[in-house]
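Inspection log for the structure reproduced underneath, given as structure tokens.
In listed order, ligands and their atoms are each counted from 1. Basis for what follows: all heavy atoms, side chains included, without hydrogens, waters or symmetry-related copies.
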Amino acid sequence: MKKITLWISIFLLMVGTVLGQPSNTSMPKIIEKNGRHALLVDGKPFLILGGQAHNSSGWPAMLPRVWSAIEQMHANTLEVPIYWEQIEPLPGKFDFSIVNTLLAQARHHKVRLVLLWFATWKNGSNHYMPGWMKHQAAKYPNITGKNGQPVDSPSPHTKAALDADINAFKTVMAYLKGADPQHTVIMVQVENEPGSWGSVRDYSAAAQKLFEGPVPAALMKPGVLKELHVPVVSDGSWQKVFGDRADEYFQAWSIASYIGQVAAAGKAVYPLPLYVNVALRDPLTDPPATNYESGGATDNVIPIWKAAAPAVDLLAPDIYLSGSEKILKVIELYNRTDNTLFVPEAGFIPENVKYLYPVIAGGGIGFSPFGIDNDVQAENTEQFIKHLTTYAREYEAMKPMMREMANWAFEDKIRAVVEHEDHAEQIVDLGAWQATVGFGTRDGGTTKANAQPIGKMMIVKLNENEFILVGTLCHITFSPLAGNKGSAWQYLKVEEGHYKNGTFEALRILNGDETDWGGPQFGSVPTVLHVTLVVR
Ligand code: DGJ
């Protein structure tokens with residue numbers, strides 16, 4: 001019997017290899033060590049160099065354009081929606097043809113998938129609920145505004161909608177379990193930017209009754225209350241415990257509990273990593289919830305989401321804010337011991353590429369611009385190609401060393417700097433060395449500032465005196481610290497090259513004009529350098 005099982009395993013491994021699919025079939029999962037996280041794919045840390053398709057591109061006729069963008073970008077992962085209205089067009093009748101198409105085409109392109117379950121919520125509305133649900137507004141209601149006005153956002157207090165979403169999501173996950181033994185799909189996003197615009201919470205009679213009742217025990221824990229900046233009390237109504245934030249917190253709890261149940265049901269069937277993406281608020285000014293999508297997992301309600309939806313592995317910020325201070329703050333706020341950092345959407349503009357670096361350095365598991373298959377933000381085709389090219393250059397440099405990067409990120413070996421709006425140089429403490437990164441292009445001793453603040457640098461500390469540098473539109477120099485402080489120093493070797501099969505391969509040694517004036521400089525195409533320093 002044992003022999004037969006062994007032969008079957010060997011046969012399956014051979015089939016997997018012959019078809020060009022990974023033979024390691026271990027489940028994708030998120031692991032944590034010393035407060036840092038890694039996404040394991042085929043048993044090893046993986047970095048999502050992603051691209052997200054437009055909202056209405058998850059249809060067979062649209063996919064050629066999507067794959068073309070993914071190929072041109074050198075992305076290793078496609079994030080693509082699957083729609084409830086498409087998958088369950090009639091109650092209980094499921095159609096998985098789009099899933100089959102996506103799986104087959106992703107394998108053909110040797111790209112992984114993150115599927116986005118557009119269901120009860122899509123940007124705060126119910127627009128992807130199937131028609132048979134939209135026809136039954138009383139059974140699947142929207143929320144009610146403060147003055148009784150209708151609001152275009154589904155109620156999180158409706159058991160019928162919750163049961164229908166649970167049933168559909170479980171069926172999706174069961175289908176994937178059967179159809180995807182090689183784990184082409186590595187994560188699933190549950191809903192899309194849930195929350196409500198136009199009303200901070202649901203004021204329907206059913207919701208009001210809950211709002212006037214006690215705050216659930218899961219939120220009354222001292223740790224949670226402290227994180228929510230309210231006094232630690234043992235009981236009370238929402239208004240009494242949370243004061244002027246009560247409406248928003250109630251909405252966050254209600255939506256997170258609903259999605260938590262959908263996620264838990266799907267996960268019980270097939271335990272892929274699951275996440276919820278977030279329409280952000282300004283992270284610096286603590287605005288009222290009337291200013292943003294209320295009830296989504298904005299930075300102030302992360303503890304509520306964690307308590308209400310433990311089956312959701314991570315809360316992931318969608319970056320459409322502008323300004324480096326705000327964006328770096330968001331990256332910091334969503335990088336927590338209890339939350340793996342992942343940016344599933346960022347505006348598809350060249351200014352955003354630089355944030356890939358602090359995400360990786362922070363131990364994040366990936367980054368993805370939104371709307372790669374045609375760019376509505378571009379004024380014309382040339383500009384679209386420019387946007388695509390900016391990401392393509394980055395991913396092309398990163399892709400061959402993706403596994404190394406993911407490992408280094410997990411082991412906290414990377415530091416990153418991005419150029420701020422003031423273009424000021426930045427200092428990085430590397431233990432025995434201090435690096436100073438300046439921005440702009442240099443001609444001899446003269447630096448020309450970058451027109452836009454898009455310079456960036458990633459420094460990987462391989463050991464005390466040896467570093468991998470990846471950068472654009474910046475230059476770097478070093479000075480000895482600690483025991484070597486004040487000593488003379490020089491570059492022992494600066495090699496330009498790339499990683500291949502886990503090893504750095506040098507294309508040339510940089511010296512003379514390329515390293516004088518303090519150190520190497522980086523142009524607009526990301527360059528990978530292997531630098532060794534020595535004190536004299
Ligand atoms: C954020 C949403 O999550 C996406 O689905 C898309 O609607 C973009 N906004 C639009 O820019």
Going by an N to O cut-off under 4.0 Å, is there a salt bridge joining Arg336 and Glu227?
yes

Under a heavy-atom criterion of less than 4.0 Å, does His54 contact ligand 1?
no

Indicate yes or no: does Asp286 engage Arg245 in a salt bridge with an N to O separation below 4.0 Å.
yes

I'd like the name of whichever of Glu345, Gln52, Glu191 reaches closest to atom 2 (C) of ligand 1 through any heavy atom.
Glu345

With only distance considered, is Asn192 within less than 3.5 Å of ligand 1 through an N or O on each side?
yes

Which of the ligand 1 atoms, numbered from 1, are nearer than 4.0 Å to a heavy atom of Asn277:
3 (O)

Closest candidate by heavy atom, reference atom 7 (O) of ligand 1, pool Glu193, Glu79, Lys122:
Lys122

Just jot down the ligand 1 atoms closer than 4.0 angstrom to any heavy atom of Asp318, in number order.
3 (O)

Tell me, which protein residue and heavy-atom name are nearest atom 6 (C) of ligand 1, and how many Å apart are they?
Phe370 CZ, 3.4 Å

May I ask you to identify the nearest protein heavy atom to atom 8 (C) of ligand 1, giving residue, atom name and distance to one decimal place in Å?
Tyr320 OH, 3.6 Å

Distance check, rounded to the nearest 0.5 Å: Ser199 atom OG versus Lys146 atom NZ?
8.5 Å

Pi-cation contact, Tyr140 with Lys134 (under 6.0 Å, within 45°)
no

Tell me the protein heavy atom at minimum distance from atom 5 (O) of ligand 1, and give that distance in Å.
Asn55 ND2, 2.9 Å

Do Lys456 and Tyr357 form a cation-pi contact, if we require the NZ or CZ to be under 6.0 Å from the six-membered ring centre and within 45 degrees of the ring's axis?
yes

What distance do Thr472 atom OG1 and Glu419 atom CD have between them, rounded to the nearest 0.5 Å?
9.0 Å

Inspect the contact between Lys329 and Asp282 and indicate whether a charged nitrogen and a carboxylate oxygen are less than 4.0 angstrom apart.
no

